[in-house]
There are 2 protein chains.
Amino acid sequence: MSPTLDNDVSQRLLDAAERLFYERGVQAVGVDAVVSEAGVATKTLYAHFGSKDGLIEAYLRRRDRRWLTWLRDAVDAAAPGPARVFAVFDALGQWFARPDYNGCAFINIAGELAASPTARSIARDHKAALRALLADVAAGSGVTDHTTLGDRLMLLVEGAIITAHVEHDSAAAQRARSAAAALLELDRLVSNPALHSGTLPAN
Amino acid sequence: MSPTLDNDVSQRLLDAAERLFYERGVQAVGVDAVVSEAGVATKTLYAHFGSKDGLIEAYLRRRDRRWLTWLRDAVDAAAPGPARVFAVFDALGQWFARPDYNGCAFINIAGELAASPTARSIARDHKAALRALLADVAAGSGVTDHTTLGDRLMLLVEGAIITAHVEHDSAAAQRARSAAAALLELDRLVSNPALHSGTLPAN
DNA sequence: GCCCAGCGAGAACGGACGTTTTCTCCAATG
DNA sequence: CATTGGAGAAAACGTCCGTTCTCGCTGGGC
């Protein structure tokens, strides 16, 4: 057996699975459609992934790695500081504009396989990694309360992902970016004692 | 046929469908489970709703009405003004804390039935109504740019719904409330010329 | 040159599921 | 009282789908 060819077959299967699962949902796509799209035999799918659930899990794990790497690269390409906050939403805007954009695969899975603990756990892990990335971005932005900013960026990112998906509105990225800019500006205002007299309410 | 009894059977079916569909997803629940939970005959389901798709649609339309009425009532119970902004997130916090909370039924449907135009249209209509409600809340809050505030509230609400669901973190409502408070505070600061010298960037 | 492991093609199996049908009961109507 | 029609119980039907099996081909290694 050649590992190159073996890899090729696995990749073709994962590519086909990702295209179909992401576009139509995992339950709406049968294994027949996947093997047909990949141009492989049904037996090969089971030899490589054991079951449809195994294929779904491999699809999610690969997408998790790829998506987070993509976002991290977009962030790292920006200058350190608040520019990296904007880089997050600029990247989202490009993602939303893709013709095959269909929301976050992990949010979709969490809704579709609500009764599956493994699916929910994979989705949770993915969101924890995203939250950690946004916490890093917030910590490097120079604001005084970067923990709070990280939490708020998470809300804006998730909100933009959902809005772009359900309402089919890719401009949600720009609105989220604008909201993030407002939060940065607020931090700048309240951290400069010369600009205000009172303090912020605690809620 | 007695309209009272007829209504009773329809309601029992819709109640059972909502409980199961919302908890496990529409595709993971068979009609057998619904009729068994409702204590009715299979034939009755088809006499009232025509098909499983018809039952799903009726479930979504009833939930759309009920959920929006619930949120609107929570908003109207608060004093006019910025308090109604906070009332939105306080209501969300109570929703998230329910043991049966499983995210937004319409976001879930949009992810699960990605290939179904009717499902996506129902989800879109629901979100448009929510957006209109939040636009009203923003318009009554007394800020200078209530259109922008409405858009940002929408992002925060959606982000909180997703975070509470996927990360199983009901405190997302309080963080979203805090973010909304920050946006209100920022408006207060920049709309008072005595408090600052420069102007906000346009992004 | 043989061998065999991997792969493609496709049939087959078993179970689940949406839908229809049959039969019976019951309550309201005339 | 006879009739009518909605509703419950359960079986039946056809289809789809995940999984396995069979067969034939191919290409690299002892």
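Every chain is numbered from 1 and lettered A, B, ... according to where its sequence line falls, protein lines coming before strand lines. Source: prediction; values computed, not measured.
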Apply salt bridge (charged side-chain N to carboxylate O under 4.0 Å, His left out) to the pair R175(A) and D169(A), showing each step before the final yes or no. CA-CA 11 Å; R175(A) 294 198 298 275; D169(A) 175 12; 2.8 Å; yes
Atom-pair distance ([atom1] on [X]; [atom2] on [N]), nearest Å:
X	N	atom1	atom2	value
D32(A)	dA12(C)	CG	P	15 Å
Q27(A)	dA16(C)	CD	P	15 Å
F49(A)	dG6(C)	CZ	P	15 Å
L55(B)	dT19(C)	CG	C1'	14 Å
L45(B)	dG6(D)	CG	C1'	15 Å
R24(A)	dC16(D)	CZ	C1'	15 Å
I56(B)	dT19(C)	CD1	P	9 Å
K43(B)	dG8(D)	NZ	P	10 Å

Residue met sooner reading DNA chain C from 5', once V26(B) and G39(A) are mapped to nucleotides: G39(A)
Would you indicate which nucleotide in [options] comes nearest to any side-chain atom of [X]?
X	options	value
Y46(A)	dT20(D), dT21(C), dT19(C)	dT20(D)
A41(A)	dG18(D), dT20(D), dA9(C)	dA9(C)
H48(A)	dT22(C), dG8(C), dC7(C)	dC7(C)
T42(B)	dT19(C), dT20(D), dG8(D)	dT19(C)
R12(B)	dT19(C), dG8(D), dG8(C)	dG8(D)
V40(A)	dG8(C), dT19(D), dT19(C)	dG8(C)

May I ask you to decide whether R12(A) forms a salt bridge with E37(A), counting only side-chain N to carboxylate O separations under 4.0 Å? no
dG18(C) OP1/OP2 closer than 4.0 Å to side-chain N/O of K52(B): yes
Give a yes/no answer on whether the side chain of T44(A) brings an N or O atom under 4.0 Å of OP1 or OP2 in dC7(C). no
Any side-chain heavy atom of E57(B) sitting closer than 4.5 Å to one from F49(B)? no
So, does E112(B) use its side chain to make a donor-acceptor pair with the main chain of V26(B) at under 3.5 Å? yes
Please step through side-chain hydrogen bond (donor to acceptor under 3.5 Å, both in side chains) for the pair D32(B) and T42(B), ending with a clear verdict. CA-CA 7 Å; D32(B) 294 2; T42(B) 312; 5.1 Å; no
